[in-house]
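I have placed the structure first, in the form of structure tokens, so that the comments after it can refer back to it.
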Amino acid sequence: MSDAPVLRIRNVRKQFGDHVALDGVDLDVHEGEVVTVIGPSGSGKSTLVRCVHQLESIDGGAMYLDGELLGYEMRRGHLRPLPDRRLAAQRGRMGMVFQQFNLFAHWSVLRNVIEAQVTVHGRSPEEARKEALRLLERVGLSGKADAHPRMLSGGQQQRVAIARALATNPRIMLFDEPTSALDPELVDEVLSVVLDLARGGMTMIIVTHEMSFAREVADRCVFMEEGRVVETGTPKEIFDNPASPRLRAFLSRFSGRAAHISDERPLEEETTS
Ligand SMILES: Nc1ncnc2c1ncn2[C@@H]1O[C@H](COP(=O)(O)OP(=O)(O)OP(=O)(O)O)[C@@H](O)[C@H]1O
């Protein structure tokens with residue numbers, strides 16, 4: 001990993017009305033690093049990745065992609081929002097995968113994976129088609145290029161969404177709970193594609209409620225609560241030796257599902273009962 005992070009997040013604040021969703025978040029993500037973000041519902045996980053992808057503006061702090069300020073530029077001595085074209089170009093250097101797939105329903109799978117390559121990145125339709133077919137094969141869907149999203153299972157649609165996000169050669173992939181809209185039997189096929197990307201060296205932030213996956217895939221894991229990063233560490237530190245009582249309490253709620261949580265160090269509730 002190189003020293004300069006791919007993504008640098010500094011003291012980022014985000015409010016919705018009076019509600020503070022992000023309260024001074026700092027995070028660096030380095031080349032090839034996989035960071036999983038866990039935390040209770042409403043802790044700001046989705047807001048964080050949505051802000052990185054410029055789907056939400058921030059109210060304070062700054063974010064940099066490869067050292068370039070995201071969303072703003074300095075003009076005549078003042079910070080101003082980037083014009084739409086430059087904002088689109090910045091967003092095109094990140095791939096985002098949503099809970100709800102967000103595919104274009106009236107387009108074929110192939111066109112869904114081709115489109116941004118042509119419109120945002122200026123590839124020729126032939127080049128984009130070749131890349132789309134390669135990526136569909138990578139996510140195990142080469143036979144579905146001509147299908148429409150409604151003909152696919154949720155797991156297959158999510159894999160198309162991953163292929164689409166990869167198609168622009170993003171510097172970083174952002175996953176916002178990619179399996180939470182799926183039936184349980186379809187979760188693994190999506191997680192194994194994400195795991196495969198991680199092993200291939202893709203830089204990623206993954207927001208997830210799948211605790212054993214969050215542990216398995218991560219180089220580093222971040223625990224958020226009330227809009228703040230409460231604890232960050234290796235998966236072993238986070239899951240086997242959680243320092244903060246809040247993280248221990250959170251993990252204990254998942255202990256039934258998180259098969260890999262070790263019992264070397266009992267969780268708080270267990271020690272007090
Ligand atoms: N567009 C919005 N308008 C108003 N409030 C919002 C909006 N988006 C998020 N919030 C609020 O900001 C807080 C953080 O939400 P966020 O979705 O980031 O949490 P989360 O940790 O991802 O939760 P979950 O795990 O349930 O998805 C919540 O209180 C939420 O209600």
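Heavy atoms only: backbone and side chains are in, while hydrogens, waters and symmetry mates are out. Whatever order the structure lists them in is the order used to number ligands and atoms, beginning at 1. Starting from 1, each residue takes its place in the sequence as its number.
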In terms of side-chain geometry, is the basic nitrogen of [X] or [Y] positioned less than 4.0 Å from the acidic oxygen of its partner?
X: Glu68; Y: Arg171; value: no
X: Asp59; Y: Arg13; value: no
X: Asp240; Y: Arg215; value: yes

If you apply the rule salt bridge (charged side-chain N to carboxylate O under 4.0 Å, His left out), what do you find for Glu131 with Arg134, and how did you get there? CA-CA 5 Å; Glu131 180 63 2; Arg134 187 184 73 77; 2.8 Å; yes

**Message:** List the protein residues in contact with ligand 1, where contact means a heavy-atom separation under 4.0 angstrom.
**Reply:**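 Those residues closer than 4.0 Å to ligand 1 by some heavy atom are Phe16, His19, Ala21, Pro40, Ser41, Gly42, Ser43, Gly44, Lys45, Ser46, Thr47, Glu177, His209.
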
Is it possible for you to say whether Phe98 and Ile206 belong to one hydrophobic cluster, with membership spreading through side-chain heavy-atom contacts below 4.5 Å?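 No, it is not one cluster - the side chains of Phe98 and Ile206 are not joined through contacts under 4.5 Å.
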
Item to complete: Indicate yes or no for a side-chain donor-acceptor contact from Arg91 to the backbone of His53 under 3.5 Å, with no hydrogens or angles considered.
Response: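 Here the side-chain-to-backbone pair exists.
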
